[in-house]
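Read through the structure below, which is laid out as structure tokens, and then see the notes.
Computed from heavy atoms alone, side chains included, the values below leave out hydrogens, waters and symmetry copies. Nothing fancy with the numbering, it's 1 onward along the sequence. Predicted, not measured: the structure shown is a model, and the values here were computed from it. Remember, it's 1-based here, ligands and their atoms both numbered in the order they're listed.
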Amino acid sequence: MRIVQAEVLVTSPSRNFVTLRLTTDDGVTGLGDATLNGRELAVASYLSDHVAPLLIDRDPHRIEDTWQFLYRSAYWRRGPVTMAAIAAVDMALWDIKGKIAGLPIYQLLGGASRTGLRAYGHASGTDIPSLFDSIRHHLDLGYQSIRVQTSIPGIKAVYGVASQKQSSGQRYDYEPAGRGAYPQEEDWDTRAYLRHLPTVFEAVRNEFGPELPLLHDGHHRMTPIQAAKLGQALEPYDLYWLEDCTPAENQEALRLVRQHTTTPLAIGEVFNTVYDFQTLIKEQLIDYVRAASTHFGGISPLKKVMDYAAQYQIKSGFHGPTDISPVGFAAQLHVGLAIHNYGIQEFMGQSDATNTVFEQHMTFTDGYLHPGDAPGLGVHYNDDAAQHYPYQQAYLPFNRLADGTVHDW
Ligand code: GCO
Ligand code: MG
């Protein structure tokens, strides 16, 4: 069996997505997600200019060999562009293998370790009443775990707080990169944030009780000592996790945070390889691995990092915003169902337009996700729907402090 075609598909139903589709000489197709929010065309070029020609005539069954070939033969290792491209190939090959075997990928990874994948949803509000409404709305949708993000008095726009509905009535939230030729500038004040956030969690606990698992995303904005202080301040509210409390390319920073707080820590959505987690896992400085299949080289390395993490009782919390396409999302659901050390899965849901381009077998019932039992990933790419949505340039926002200094967004 050999690969005869490698197509790079770019579409923008409500945000940009990059998808790789491989076809074998028997006509079996496999999909892979290569979406890198705000830098999509770099991955599309990496794939079409440098990877697709190397795949033609290869045996699609040789997943590990192809992964190692792409990783090592490039010489230049790691990085989000490279690893998103390799991820797409890896997923597409697993998809093909599953279709040939007539099995969903989770069966090829060892079979289901649970009946469903507990998911958390994103509640946010510009003030306490709107935050409570958002939490209630998510509980109505079936979510049993809730991420809480709020506006901060004195700060105009904050990551994670949904905007108003667009006048068109179309779904709109903070997640898609803003369409246009330049990133939007937002403002930030860490001291104001550190003062305000514990009061929000106190209000939420008072209203919703002690049981509901609550999460929060610090989005890389704190120094280690600020993160330690926040973790400590949030301890009375028993968070499920505090995410990305520091910019974690400095893994040692987490030692300091860990010394000061028992609030569980989750990190890794911007990581690309197991090496980014090496110290964090070995020294048990985190509790949840936030990698996404799409930015971490695909299904194969995601399974490997979780097997490594299992030795240290560290669990999964895979990154699942809308910039992980339904293809990448399905890939990590299959991994999540198979591994023993599953923790929780982030799930925002995609727009209707996205769901017409990517036809899926995934289900979300009573707060639990399941990838479905279709062979392979269980996702079909609808070319006719996709062609209505050409690529649109888009950038994530960035932050400046009051004195004009650029800060982590
Ligand atoms: C999350 C992430 C996202 C990122 C996004 C950037 O926890 O879901 O922080 O919201 O901001 O993936 O493209
Ligand atoms: Mg995050």
- Would one find an N or O of Trp409, backbone or side chain, under 3.5 Å from an N or O of ligand 1? no
- Considering only heavy atoms, does Arg147 approach ligand 1 within less than 4.0 Å through its side chain, its backbone, both, or neither? side chain
- Are the charged groups of Glu40 and Arg15 less than 4.0 angstrom apart, N to O? no
- Message: Quick check for you: with the Mg ion (ligand 2) as the vertex, what angle do OE2 of Glu243 and OD2 of Asp217 span, to 10°?
- Response: 90°
- Item | Pairing of Arg258 and Asp287 as salt bridge, 4.0 angstrom limit | yes
- Task: Specify side chain, backbone, both or neither for Met348, according to which of its non-hydrogen atoms lie closer than 4.0 Å to ligand 1.
- Result: neither
- Answer yes or no: is there a side-chain heavy-atom contact under 4.5 Å between Leu55 and Thr66? yes
- Is a donor on one side and an acceptor on the other found under 3.5 Å between the side chain of Ser113 and the backbone of Ala338? yes
- Note on the structure: For the Mg ion (ligand 2), the nearest N/O/S atom on Glu269 is atom OE1
- Query: Would you say ligand 1 has an N or O under 3.5 Å from any N or O of His122?
  - Reply: no
- Location of contacts on Asp244 toward ligand 1, heavy atoms closer than 4.0 Å: neither
- Message: Can a donor-acceptor pair be found, under 3.5 Å and without considering hydrogens, that links the side chain of Glu7 to the backbone of Leu20?
- Response: no
- Message: As an exercise, identify every atom of ligand 1 less than 4.0 angstrom from a heavy atom of Asn37.
- Response: 6 (C), 13 (O)
- N, O or S from Asp244 under 2.8 Å to the Mg ion (ligand 2): no
- Message: A side-chain contact here means heavy atoms from C-beta on lying under 4.5 Å apart; do Asp217 and Tyr159 qualify?
- Response: yes
- Evaluate the ring planes of Phe132 and Phe208, with Trp represented by its six-membered ring, and classify them as parallel (under 30°), tilted (30 to 60°) or perpendicular (over 60°). perpendicular
- With atom 4 (C) of ligand 1 as the reference point, say which of His219, His220, Glu243, Arg290 has the nearest heavy atom. His219
